[in-house]
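Only heavy atoms go into these numbers, but all of them, side chains included; no hydrogens, no water, no symmetry mates. Lettering of chains follows the sequences in order, A, B, ..., and the numbering in each one begins at 1. As the structure is a computational prediction, the values presented were derived from the model and not from experiment.
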Protein chains: 2
Amino acid sequence: MKKAKQTKLEAAGWVVGSVKDFLGLSEADAVLIEMKLALSRALRDRRKKYGFSQVQLAERLQSSQSRVAKMEAGDPSVSMELLVSALLLLGASSTDLANAIRRSEKSKGRHAA
Amino acid sequence: MKKAKQTKLEAAGWVVGSVKDFLGLSEADAVLIEMKLALSRALRDRRKKYGFSQVQLAERLQSSQSRVAKMEAGDPSVSMELLVSALLLLGASSTDLANAIRRSEKSKGRHAA
DNA sequence: TGACACTATGTCAGATATGACATAGTGTCA
DNA sequence: TGACACTATGTCATATCTGACATAGTGTCA
């Protein structure tokens, strides 16, 4: 579901609101990125909370320092699943994750008040 | 962070509670699976709410009917990211996702009350 | 200044996920 | 019964992700 999205969907006659309250493609992408960034921040916070270095965390995750750095940097090569797995291994609960995701919501456009 | 987890971690001297309130490896896995199942259910619900067939949804996602079926079945070949992307394209908000994830939490062991 | 611990960035071989296809199963309507 | 729409399952080539490595950047302490 990655490449050639826009053109194909436009060809298929996508119109914002065709079914009502569907998001445009690019907005869904933006929301996903925001969510991943929120998880990145949560990961860094949690690591620091425990006083771990990236190297130490990498050991626990059975990963590498470079990947931990990319996770925390919101690098596009890092999947949401990896971020969530890492957070869970750092003791985060479903509720913690839910909160991080909920908080990722953009404060919206403020079109009307 | 997949294979050979257990043995390596055990060799590294993993003990539940070594840092306190860390989850055991297998529990983190279980939680992740629960979360993905919750998202699967949310996807099916949302698709049905809009009266779409799997084929119709696949078109919107630029995917295929078979993959939609696997998504809804909680097939291990489906990533969390794919589930979330699909939900977002069906108009789910960050809050919706957060709720689904929060609800995925197991009702715990009831060890003490 | 240098030495050190920590973090960031680029690359790549191997592992995993993906869309697509075929095909089978299920339910409904006539 | 058959025809049809929908869903499930298996497979596969290709796309994407991952851990690992090298190396560069940053901060701190002496």
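Taking atom CE on A/Met71 and atom C1' on C/dT7, their separation rounds to 14 Å, with Å as the unit. Here the P atom of nucleotide D/dA8 and the CG atom of B/Leu57 are 12 Å apart, to the nearest Å. Spacing between atom NZ of A/Lys36 and atom C1' of D/dT16 amounts to 11 Å, rounded to whole angstrom units. When rounded to the nearest whole Å, the span between CG of A/Asp75 and C1' of D/dC17 equals 11 Å. Here the P atom of nucleotide D/dG19 and the CG atom of A/Leu83 are 11 Å apart, to the nearest Å. Atom CD in A/Gln56 sits roughly 7 Å away from atom P in C/dC6 (whole-Å rounding). Distance CG (A/Leu43) to C1' (C/dT7): 14 Å, rounded to an integer number of Å. Distance, B/Glu59 CD to C/dG19 C1': 14 Å, rounded to whole Å.
For the 3.5 Å distance criterion, the side chains of A/Glu105 and B/Thr95 qualify, holding a donor opposite an acceptor. With no hydrogens or angles considered, a side-chain donor-acceptor pair links B/Ser93 and B/Asp96 at under 3.5 Å.
For A/Leu82, whose side chain is taken as the heavy atoms from C-beta onward, the closest listed nucleotide among D/dT9, C/dA17, D/dT18 is D/dT18. Closest to the side chain of B/Val78, from the set D/dC17, D/dA8, C/dT18, is C/dT18. Ranking D/dT18, C/dG19, D/dA8 by closeness to the B/Glu72 side chain, first place goes to D/dA8. The nucleotide whose nearest atom lies closest to any side-chain atom of A/Arg47 is, among D/dT18, C/dT18, C/dT7, C/dT7. Across C/dG19, D/dT7, C/dA8, the shortest atom-to-atom separation from the side chain of A/Gln54 is found for C/dA8.
The two residues B/Arg46 and B/Gly91 come nearest to each other via the heavy atoms NH1-C, 3.5 Å.
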Convert the base pairs of DNA chain C into dot-bracket notation, remembering that pairs crossing earlier ones are written with [ ] and that bases paired across to another strand are shown as |; include only Watson-Crick or G-U pairs under 3.5 Å.
-> ||||||||||||||||||||||||||||||
When you compare the protein's N or O atoms with those of nucleotides 21-25 of chain D, which come within less than 3.5 Å of each other, and at what distance?
residue: D/dC21; atom: N4; partner: A/Ser66; partner atom: OG; Å: 2.5

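Between the NZ atom in B/Lys48 and the CD atom in B/Glu72 there is a gap of 7.0 Å [rounded to 0.5 Å].
Grouped with A/Ile33 in one hydrophobic cluster are A/Leu37, the linkage being side-chain heavy-atom contacts under 4.5 Å among Ile, Leu, Val, Met, Phe, Trp and Tyr residues.
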